[in-house]
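Here's the structure, in structure tokens; my notes come after.
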Amino acid sequence: MNAEANQNSEGVMIFSDDPDHARLRRVFNKPLLPGALNAMKNRLAALAEQRVEELVAKGEFEAISELARFLPLTVVTDLVGLTDQGKKNMLYWAGGLFDALGPEGHPRTLSGIEIAVEAFTYLHTLPREALDPDGWAAGLFRAADAGDLSQEEARKMMMDYTGPALDTTINGLGNALALFAQHPEQWTRLRNDPELINRAIEEALRLESPARTFGRKLTRDYDMSGVKMFAGDWAMMVYASGNRDERRYEDPESFDITRDARDHVAFGYGMHLCAGMHLAKLEIRTMLEILIRRVKSLHLVEEEMVMHNLIRGRDKLILRVEPA
Ligand code: HEM
């Protein structure tokens, strides 16, 4: 939505077109293929089990910082394999990177751009030897050595592993928990029939999509149901609008975990469909599976929505839980 962010982001996968995009994405996908995700499952579950046990014992907790951030911040930052400075700042940078994509001149966009420049400077000057050799970022440089990417592309693509992986997943889980706290009968239903878990996750992502919008620049004229758009125009894809389209979803504003919402567009659609979608769902499912076993009911004590250019979610979500 603004020229400066576009310029800073040149070479990043989400900002590129085919054929470059397809080539970058083949490399990006490697650590996120089903085999690699399967290998992660037990580690995620063990960590999550312990965290949930501690929180349930407390009875009341702030679910964004204490629960929803836990797996993305402990596991994902480790897997990417940045230095301690990178791990410490990643969430802050990721928030700024998304804010930077907002409307031109908006104060949140301007402060986002400052933060994004910090993140780009860190990645740009990070010595390759400082990376964890088993991490995803180091894998990008190995792909460059093999001739699949340029060194410059490998460096820029570290941003694709870091920027979009955190707030999105954190708020995906945070929003789902808020919905369950607001709709206790849906929680009971899920506990009685845990097989509904995948549907519940898709339904929560549909109704409260963590990514509010991304932009596109049209490469050709297009007629959208009678609305004429022209090459060079900017378009905003508002995912919540598609996800609450009453022509597709009956009673679209309601939260119904038995609904088949698999075709929602919370992860986008087409060639830029979210590349971290399976990892995000695995993280959310891991936490929810443990919660439904250990928590009989969730009560909303307090919530505060986050003010952000791209992310819809909560800054604060205080929950009181009754152990199962
Ligand atoms: C619930 C969590 C998530 C949501 C709601 C989400 C949402 C999205 C959306 C809407 C897009 C499409 C953007 C567009 O079409 O322009 C996208 C793309 C992308 N996402 Fe996610 N995302 C999530 C988690 C993740 C994670 C965990 C990662 C990284 C491991 C990730 C990495 C990416 C990348 C790299 C792209 C660009 C793909 C491409 O250009 O081909 N996302 N995401």
Side-chain angles (χ1 to χ4, degrees), residues 1 5-6 9-33 36-37 40 44 68-69 71-73 75-82 90-91 94 97-98 101 135-137 139-140 153 156-177 198 200-218 234-243 261 264-288 308 310-313:
M1 281 178 264
N6 289 343
S9 313
E10 254 173 42
V12 172
M13 187 167 81
I14 197 167
F15 284 82
S16 54
D17 291 322
D18 281 343
D20 285 339
H21 170 263
R23 178 174 52 83
L24 302 179
R25 184 142 174 163
R26 264 195 303 279
V27 174
F28 181 93
N29 279 345
K30 278 188 189 150
L32 297 166
L33 293 172
L37 291 183
M40 246 180 251
L44 291 183
R69 284 185 190 154
L71 288 180
L73 281 191
V75 181
V76 177
T77 54
D78 253 10
L79 290 168
V80 179
L82 299 179
M90 210 153 125
L91 181 63
L97 282 158
F98 272 153
L101 305 180
W136 299 350
L140 295 173
E153 282 170 335
K156 292 213 157 153
M157 276 176 70
M158 287 196 277
M159 194 57 87
D160 289 301
Y161 281 138
T162 49
L166 301 180
D167 302 82
T168 49
T169 315
I170 291 167
N171 287 294
L173 178 58
N175 293 348
L177 293 174
N198 289 335
I201 293 170
E202 304 292 359
E203 172 66 349
L205 289 167
R206 176 194 73 80
L207 189 58
E208 292 236 1
S209 311
R212 295 166 63 192
T213 179
F214 276 103
R216 287 284 192 281
K217 190 173 182 181
L218 270 72
W234 291 98
M236 256 174 80
M237 300 172 297
V238 183
Y239 301 116
S241 176
N243 283 342
H264 67 73
V265 288
F267 290 110
Y269 181 83
M271 66 183 252
H272 290 284
L273 176 71
C274 179
M277 162 171 104
H278 298 296
L279 171 63
K281 287 191 208 174
L282 173 63
E283 292 175 77
I284 296 172
R285 192 167 53 243
T286 302
M287 272 298 181
L288 280 182
H308 197 281
L310 243 84
I311 294 290
R312 177 185 164 83

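Indexing begins at 1, ligand by ligand and atom by atom, following the structure's order.
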Task: For the student: nearest non-hydrogen atoms of I170 and P72, plus distance - done: CG1-CG, 3.8 Å
TODO: Compare every heavy atom of A137 with every heavy atom of L82, then report the nearest pair and how far apart it is.
DONE: CD2-CB, 4.5 Å
Open item on the list: Has N243 got a side-chain atom pairing as donor or acceptor with V265's backbone, closer than 3.5 angstrom?
Closed with: yes
Open item on the list: Below 4.0 Å from ligand 1: does a non-hydrogen atom of F28 turn up there or not?
Closed with: yes
TODO: Return a yes/no value for R25: is any of its N or O atoms, backbone included, closer than 3.5 angstrom to an N or O of ligand 1?
DONE: yes
- [ ] Compare M13, R216, M237 and give the one whose heavy atom is closest to atom 15 (O) of ligand 1.
- [x] R216
TODO: For M271, counting its heavy atoms only, list the atoms of ligand 1 lying under 4.0 Å from any of them.
DONE: 41 (O)
Task: Over 12 foreign heavy atoms within 6.0 Å of NE2, H272 - done: yes
Open item on the list: Using a 4.0 Å cut-off to any heavy atom of A266, which atoms of ligand 1 qualify?
Closed with: 5 (C), 7 (C), 10 (C)
Open item on the list: Under 3.5 Å between any N/O of H21 and any N/O of ligand 1: does that happen in this structure?
Closed with: yes
Task: Closest contact, heavy atoms only, L218 versus A235 - done: CD1-CB, 3.8 Å
TODO: Quick one: closest heavy-atom pair of I201 and L288, and the distance?
DONE: CG1-CD1, 3.9 Å
TODO: Would you check the N or O atoms of H272, main chain and side chain alike, for any that come under 3.5 Å of an N or O of ligand 1?
DONE: yes
- [ ] Let me know which of E203, E202, E208 forms a salt bridge (Lys or Arg N to Asp or Glu O under 4.0 Å) with R206.
- [x] E203
Task: Under 3.5 Å: donor-acceptor pair, side chain of Y239, backbone of H264 - done: no
Open item on the list: For Y239, which part has a heavy atom under 4.0 Å from ligand 1: side chain, backbone, both, or neither?
Closed with: side chain
- [ ] For atom 13 (C) of ligand 1, grab the closest protein heavy atom and report residue, atom and distance to one decimal in Å.
- [x] F214 CD1, 3.4 Å
Task: R312 side-chain N/O to N175 backbone N/O, donor-acceptor pair under 3.5 Å - done: no
- [ ] For atom 21 (Fe) of ligand 1, report each protein N, O or S atom nearer than 2.8 Å, sorted by chain and then by residue number.
- [x] C274 SG
TODO: Locate the shortest heavy-atom distance separating D17 from M271; write the atom from each residue and the value.
DONE: CA-CE, 4.1 Å
